[in-house]
Amino acid sequence: METQVVIIGGGHAGIEAALASARLGAETVLLTLDPDKIGHISCNPAIGGVAKGQLIREIDALGGMMGLAADANALQFRLLNSSKGPAVQSPRAQIDRWRYQQWARKYLESTPNLHIRLDQAVAVEVENGRLVAVRTFFGDRIRCRAAVVCSGTFARGRLHLGATQWDGGRAGESNAPYLSESLIALGLPLFRLRTGTCPRVDARSVDLDEMQLEEGDRDPVPFSYLTERVDCPSLPCYATWTTDETYRIVKDNLHLAPIVTGAVAGASPRYCPNFETKIANFPEKRRHHLFVEPEGADSVEMYLNGMYLSMPMELQDDIIHSIPGLRRARIVRYGYSVEYDAIRSTELRDTLETKAVAGLFTAGQINGTSGYEEAAGQGLLAGANAGLLALGRPAFRLGRDRSYIGVLVDDLTIRGTDEPYRLFTSRAEYRLLLRQDNADLRLTDLGRDVGLVGPDRADRVADLRREILEGQRALAENRLPNGDSLEHLLRRPETTWDDVRAARPELERLSRRAAEQLTIETKYAGYIARHLRQIHQLEKNRRLRIPDGFDFTAVGGLSREATEKLGHFRPENLDQAMRISGVSPADAALLMVKMGKVTA
């Protein structure tokens, strides 16, 4: 068989990789262990969140699928941090996990140049340092110019539930045991990472009146810029807390937890740890928040977000039954941990092509990340570049000053990671510019130029840009009786767009999106200018030396991760500190200020 691009894996990275490659016009084959599980939401039934919502908006602005799929299959929407500034506001939605994967498969099947095939990649063939073919489990040799490995947790995946261990990428599914050996032979170093999932309970056995109701937004903000209106059932979530009894059960049985005993290899997600890890590492904290979330409109299963467990089943029963609202709960699916292969992300170029093999790209958890959204963003970039390479066209890059996808890729390829990486707004220097509300204005023109975005979407953005320019002229040129411009009026904290529109009714013809952008850019112009000056100052001070024996714990406001890693690596200057994985630009700025006081 012969094609131009092969995508290995049908998870969230594989979906966006396949779509991007096919949209560019490259003949693309998607290999998956099970076509029915394409787009499967294997862990928490939610899309978006802090920084993750920004990623989805960027994927959508570049023509990707995730935003559209989430809008079409949402159970509830919430705009996180809505009371704070726009730089940290992030959309999030509960998702019907079964309908989402059905929708995703149908979307892929309707895409020209894209072919789905049930098979497993077992090796990649290379000649003169360049990929030439992918060999499969069923004996095929697929000749191609590029391939993207999106293996998720399936690359030599191994599951752990108490003392029970078995091979698999997810519960009930086999793993992919062969490809890793081929990658190692090509000079790509692999290491082990781990993650986990939470138990699911039968909603009919849950006492919802004992928990706090968490409703969605009444006026939902959709993910996709193409979605005119969201129509979802708005199913509620619920919140509860663990108890002293919960703490005692886990504490007394840590010797039975595979992630504590060392039975599970690899580092776990720092910001989504197993519950056993929370108890072991933070013994002073005796209560933990827990969210009970619906998994589907037609399902009785509810997900216990925050209760990642790998302890034996009987202990999981005792733990769950010690929590208010869950004392009679019946567990449908028990939690477990999974360990899997990942590559050293510093072995990648900023296109996500491997340095060792031309034409071989990787995306998603194999690159050391966690999260559906991080995987999808990488998949889009890797798939686009695989398609461009196959077509003999220049590569497509996204800088960290232009997008959160760029921040993610830059962190991975320059800093690397030794634990599952998660994106946060604090990791982005330009977060006041990289907002979820303006991703289309930032990226759609780039997507159009490379061929990822069609004319309809590009024309929408062009129209919006014209509206904004028209509004800017109106704000600057129209004046109040006291001589102040409408722009000056809008800068006042108490002034809303309705106030400005009342002063000049002709502004009513501007769309809601244009008014939103004008309001944000006007009100935050001073903050943005100051933010850019701080970034410039940080760059000027990169060579600032850190004194020997510097006490990083004395720097107020540093994240726990930054404090730990700075203390471990002991960087000699600010430049070295900024290149440590886990030290964000915000951490570096705090460090710079503290050092300025010490050395003054």
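FYI, the numbering just counts along the sequence from 1. Predicted model only: the values in this text are computed from it and were never measured.
Put simply, the side chain of Q101 never gets that close to the backbone of G39: no donor and acceptor are under 3.5 Å apart. Side chain of R400 to backbone of E429: no donor-acceptor contact under 3.5 angstrom is found. In this structure, the side chain of D34 engages the main chain of D36 through a donor-acceptor pair within 3.5 Å. Between the side chain of H321 and the backbone N or O of A329 there is at least one donor-acceptor pair closer than 3.5 Å. Put simply, the side chain of N385 gets close to the backbone of F396: a donor and an acceptor are under 3.5 Å apart. Without hydrogens or angle criteria, R170 side chain to S42 main chain gives no donor-acceptor distance under 3.5 Å. Side chain of R415 to backbone of M578: a donor-acceptor contact under 3.5 angstrom is found. Side chain of Y404 to backbone of Q436: no donor-acceptor contact under 3.5 angstrom is found. Between the side chain of Y372 and the main chain of N44, a donor-acceptor pair closer than 3.5 Å is present. Counting only distance, with no hydrogens or angles, the side chain of Y247 and the backbone of P283 share a donor-acceptor pair below 3.5 Å.
A donor and an acceptor atom, one from each side chain of D119 and T136, are located under 3.5 Å apart. Judged by distance alone, the side chains of T362 and N367 do bring a donor and an acceptor atom under 3.5 Å apart. For the residue pair E373 / H12, no side-chain donor-acceptor distance below 3.5 Å is found, with atom types taken as modelled. Using modelled atom types, one finds a donor on one side chain and an acceptor on the other under 3.5 Å when comparing S224 with D60. Donor-acceptor pairing under 3.5 Å is lacking for the side chains of T354 and E347.
You'll find the side chain of E173 stays beyond 4.5 Å of the side chain of L33, heavy atoms only. Contact annotation: the side chain of I56 never approaches that of P91 to less than 4.5 Å [non-hydrogen atoms, C-beta and beyond]. In this structure the side chain of I249 reaches within 4.5 angstrom of the side chain of S322, judged on heavy atoms. At least one side-chain heavy atom of L55 sits under 4.5 Å from a side-chain heavy atom of I405. The shortest side-chain heavy-atom distance between L304 and V292 falls under the 4.5 Å cut-off. Within the 4.5 Å cutoff, side-chain heavy atoms of M66 are placed close to those of E16. Contact of the L256 side chain with the L315 side chain is registered, since non-hydrogen atoms from C-beta on lie closer than 4.5 Å. Counting heavy atoms from C-beta outward, I116 and E109 have side chains that approach closer than 4.5 Å.
With rounding to the nearest 0.5 Å, the separation of SG in C150 from CG in L31 is 11.0 Å. In this structure, L159 CG and D167 CG are separated by 8.0 Å, a value rounded to the nearest 0.5 Å. Taking CG of L388 as the reference point, atom CG of L24 lies at 5.0 Å (rounded to 0.5 Å). Residue D318 holds its CG atom at 11.5 Å from CG of D252, rounded to the nearest 0.5 Å. Within the model, atoms OG of S310 and CD of Q165 stand 10.5 Å from one another, a figure rounded to the nearest 0.5 Å. Atom-to-atom distance recorded for M302:CE and E295:CD is 9.0 Å, nearest 0.5 angstrom.
Contact record, A562 with D587: CB-OD2, 3.3 Å, taken as the closest heavy-atom pair. Closest non-hydrogen pair, I279 versus H288, comes out as CD1-NE2, 4.0 Å. Nearest heavy atom pair, residue F191 against residue I343, reads CE2-O, 3.3 Å. Scanning both residues, I319 and M311, for their nearest heavy atoms gives CD1-SD, 3.8 Å. Across every non-hydrogen atom of A428 and V407, the tightest pair is CB-CG2, 3.9 Å. Among all heavy-atom pairs drawn from S345 and G416, the shortest one is OG-CA, 3.5 Å.
Annotation: cation-pi geometry not satisfied between R97 and Y303 (NZ/CZ under 6.0 angstrom from ring centroid, within 45° of ring axis).
The aromatic rings of W166 and Y336 sit tilted, their planes meeting at an angle between 30° and 60°. Between H289 and F291, the ring planes are tilted. Angles from 30° to 60° get that label.
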Stepwise side-chain contact (heavy atoms from CB on, under 4.5 Å) check, Q4 with T28: CA-CA 6 Å; Q4 290 177 298; T28 304; over 6 Å; no
Full working for salt bridge (Lys or Arg N to Asp or Glu O under 4.0 Å) between R270 and E564: CA-CA 12 Å; R270 176 182 293 267; E564 289 177 2; 2.8 Å; yes
Evaluation steps, salt bridge (Lys or Arg N to Asp or Glu O under 4.0 Å), between D418 and K565: CA-CA 11 Å; D418 55 6; K565 292 190 172 180; 3.8 Å; yes
Verdict with reasoning, S180 to D341, per side-chain hydrogen bond (donor to acceptor under 3.5 Å, both in side chains): CA-CA 7 Å; S180 293; D341 284 340; 2.6 Å; yes
Full working for side-chain contact (heavy atoms from CB on, under 4.5 Å) between W103 and M65: CA-CA 10 Å; W103 194 98; M65 184 209 77; 3.7 Å; yes
Audit row: Q54, T425, side-chain contact (heavy atoms from CB on, under 4.5 Å) steps and yes/no: CA-CA 9 Å; Q54 281 87 331; T425 53; 3.8 Å; yes
Steps toward side-chain contact (heavy atoms from CB on, under 4.5 Å) verdict (F138, R117): CA-CA 11 Å; F138 292 132; R117 181 170 162 185; 5.6 Å; no
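No more than 12 heavy atoms of other residues, nucleotides or ligands sit less than 6.0 Å from atom CZ of F137. For NZ of K251, the number of neighbouring non-hydrogen atoms (other residues, nucleotides, ligands) closer than 6.0 Å is greater than 12. Annotation for Y178: atom OH does not count as buried by contact number, only 12 or fewer foreign heavy atoms lying within 6.0 Å.
For the pairing with L360, the side chain to side chain contact (heavy atoms under 4.5 Å, CB included) check across V134, L183, L352, V126 returns one residue only, L183. When each of R78, R92, R200 is checked for a salt bridge (charged side-chain N to carboxylate O under 4.0 Å, His left out) with E293, only R92 meets the rule. Shown are H160, R156, R194; of these, the side-chain hydrogen bond (donor to acceptor under 3.5 Å, both in side chains) with E339 is made only by H160.
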